[in-house]
Amino acid sequence: MNVAVCVKQIPDPAVPGSLSSDHTLDRSGKLILDESDSYGVEMALQLVDAAGGGEVTLISMAPNDEVSGLRTALAMGAAKAILVSDPALAGSDALSTAKVLAKSIERAGDIDLVLAATESSDGYTGTVPAQVGELLGWPALTFSRHVEIADGKVKVQRQTEAGYDEVEASLPAIVSVTAGVVEPRYPSFKGIMAAKNKPVDKVTAADLGLDASQVGWAGARQEIVNVEQAPARQAGEKFEDDGTGAEKIVAFLEQLKVV
Amino acid sequence: MRFAFTDDQIAFRDAVRELLEKECTPAHVREAWTNATGRIPGLWEKLTDMGVVGMLAPEARGGLELTMVDLVLILEETGRCAAPEPIVETAAFGVPLLERADRTVATARTLVPWADTADVIVTEAGRFERDAVELVARPSVDGARRLFEVRGTPAPVDGDAIAAAFDRAVVGTAAQQCGLAQRMLDMTVEYTKERRQFGVPIGSFQAVKHHLANARIALEFARPLVYRAAATLDPVHASMAKYKADEAALMTARAALQCHGAIGYTTEYDLHLYMKRSWALARSMGDGRLHRSRVGAAIL
């Protein structure tokens with residue numbers, strides 16, 4: 001069984017991010033594997049392992065031929081990667097991204113299942129997996145907290161507010177997984193050394209047959225018109241304790257229905 | 001000749017750092033102070049799976065046939081998070097000595113840390129199998145680093161091999177001291193940026209800055225000696241490294257304590273976990289006196 005995993009390489013969340021003048025996130029520095037994607041990579045490795053054959057292919061779209069995050073996932077055990085890097089893709093919205101990923105999955109060929117995170121840790125649109133499914137004409141199962149392959153079908157437990165739904169679909173399909181679906185492994189030293197020699201297929205939008213007018217700023221149907229700071233947290237109300245402090249705390253907690 | 005670490009060596013270090021930041025947090029180390037073994041359950045297996053423990057073992061024995069230069073940055077990381085594991089004792093000392101990576105080794109010149117959880121114990125007297133010795137627990141300043149007196153009849157071990165293993169452990173311990181110094185310095189820099197007095201962060205006071213600068217200088221002078229000793233494995237280089245790394249760690253511990261003020265003295269605050277490890281390691285694998293005399297004998 002061959003599994004493709006959509007992985008995003010994002011600016012290190014530990015470093016304060018900055019915005020470019022066009023309101024997009026500055027991605028010029030070193031990018032790392034989005035932690036939410038490490039669950040998909042681990043899930044893919046386990047599914048391929050359980051199937052007894054096949055390989056894991058990574059699909060990523062990133063500026064400046066960035067491969068740092070891909071190397072991490074390759075070190076975990078993925079076999080190869082397709083990296084789409086093209087200045088024409090700057091400004092791509094979620095749908096343009098989905099077009100690029102869908103074309104890349106077609107390029108990978110012979111893919112039985114695509115895994116993706118529920119949403120990226122820097123964009124949070126959460127719409128790309130369903131869009132990729134639609135573009136490919138494949139079923140899209142989202143918010144999966146458990147994934148298994150049986151009888152040529154993919155069966156997932158789809159997280160809901162109350163619990164989970166059991167959903168299944170025929171293959172090929174795309175599945176988005178939640179954090180915690182599996183515990184991602186740490187890459188071993190042998191994996192790190194091997195990752196350097198694993199193939200990364202670097203392609204442009206044109207290589208995928210995408211016209212420049214369909215992607216990037218030109219193809220974007222979303223426009224970021226302004227960015228504002230999130231409102232600062234309001235200062236709490238201060239009481240001087242005149243002997244009735246405990247009662248005030250209890251009244252406050254009652255109001256919150258905590259007690 | 002290139003006097004810098006390779007991309008692989010940096011990548012190994014980063015991988016270990018990421019693992020330890022998740023699996024060896026201050027909360028984990030704190031718990032090890034009071035649990036049954038002083039170690040962090042499951043951490044050894046994760047380090048083994050990653051390839052850390054067997055780095056220096058021959059490939060045929062499941063190792064990676066790497067060198068002390070590859071290992072030194074990783075041991076620095078284990079120091080940075082005060083990993084309560086016999087990693088210097090096993091990866092640097094025991095694995096090349098026994099030429100196998102599947103046995104946990106405990107070793108020391110006097111009281112042996114984590115001897116109760118090891119498979120093999122090696123002292124200057126020789127080699128002991130764990131199940132053939134009597135262990136007597138002794139108090140340690142570092143609650144996670146359990147110390148034992150070892151009683152039993154040792155099997156002889158080649159003296160030259162022990163000496164070489166000791167020097168590797170000296171370098172490894174020095175690397176851990178650098179990591180500890182870095183951690184304590186980082187904690188203190190963060191703290192002095194947040195703690196305010198007279199309306200400003202205390203880190204803006206020159207007297208506080210001087211402490212931190214002195215610690216940084218000591219660390220920056222120690223590190224190259226540690227890296228050189230890892231490359232040459234010369235006993236005198238190892239002694240220089242250990243002496244200066246101990247000095248850096250002890251000086252940083254003192255500066256950190258001073259700059260933290262009263263909170264630094266409390267066991268509820270994390271600083272003591274790193275400070276006490278640095279005190280313990282300064283007396284482990286040869287103290288300052290031993291290493292000064294080894295350097296002295298070589299140059300006089």
Side-chain angles (χ1 to χ4, degrees), chain A residues 7-16 29-42 45-46 49 58 64-78 81 117 121 179-198 200 232-233 235, chain B residues 5-25 28 40-75 77-78 81 83 85 87 91 95 101 186 190 193:
Chain A
V7 295
K8 190 166 184 181
Q9 303 177 81
I10 63 169
D12 191 341
V15 180
K30 185 189 170 188
L31 304 179
I32 64 169
L33 178 69
D34 187 341
E35 193 185 343
S36 65
D37 286 325
S38 61
Y39 300 95
V41 174
E42 177 65 39
L45 292 169
Q46 289 187 15
D49 211 31
L58 307 169
N64 308 325
D65 286 344
E66 179 64 53
V67 292
S68 302
L70 288 176
R71 293 285 174 220
T72 304
L74 290 169
M76 286 172 74
S121 305
V181 64
V182 280
E183 188 59 37
R185 69 192 68 185
Y186 294 103
S188 71
F189 290 170
K190 279 186 179 159
I192 291 169
M193 288 193 277
K196 284 189 303 184
N197 301 319
K198 288 181 174 174
V200 176
R233 238 176 72 186
Chain B
F5 290 100
T6 64
D7 291 345
D8 270 354
Q9 286 160 343
I10 300 292
F12 294 163
R13 180 201 64 189
D14 290 348
V16 172
R17 178 177 292 180
E18 198 184 324
L19 185 154
L20 292 175
E21 276 175 357
K22 285 190 191 134
E23 313 284 349
C24 187
T25 63
H28 286 106
I40 296 174
L43 180 55
W44 191 254
E45 290 70 25
K46 292 191 176 91
L47 290 170
T48 303
D49 289 347
M50 184 173 266
V52 173
V53 176
M55 277 181 84
L56 304 193
E59 273 196 81
R61 298 289 189 98
L64 297 171
E65 272 188 46
L66 295 171
T67 68
M68 238 354 244
V69 180
D70 301 292
L71 185 57
V72 72
L73 286 179
I74 289 158
L75 294 178
E77 291 303 314
T78 63
C81 65
E85 303 289 334
I87 187 74
V95 165
D186 291 345
E190 280 307 307
K193 281 198 274 193

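Note that the structure is a prediction, hence the values are computed from the model and not measured. Letters A, B, ... mirror the listed sequences (proteins, then strands); counts begin at 1.
- Judged as a side chain to side chain contact (heavy atoms under 4.5 Å, CB included), and not counting sequence neighbours, the contacts of B:Pro41 are B:Asn35.
- Two residues are said to be in side-chain contact when any heavy atoms from C-beta on lie closer than 4.5 Å; A:Phe189 and B:Val16 meet this criterion.
- For the options B:Asp49, B:Leu19, B:Asp8, heavy-atom pairs under 4.5 Å to chain A are most numerous at B:Leu19.
- Heavy-atom contacts from other residues, nucleotides or ligands closer than 6.0 Å to CD of A:Glu35 number 12 or fewer.
- The side chain to side chain donor-acceptor pair (under 3.5 Å) test with A:Tyr186 is passed by exactly one of B:Lys46, B:Glu18, B:Glu23, B:Lys22: B:Glu23.
- The structure places CG of B:Leu66 at 5.5 Å from CE of A:Met193, a figure rounded to the nearest 0.5 Å.
- Of the two parts of B:Leu47, neither the backbone nor the side chain holds a non-hydrogen atom closer than 4.5 Å to a non-hydrogen atom of chain A.
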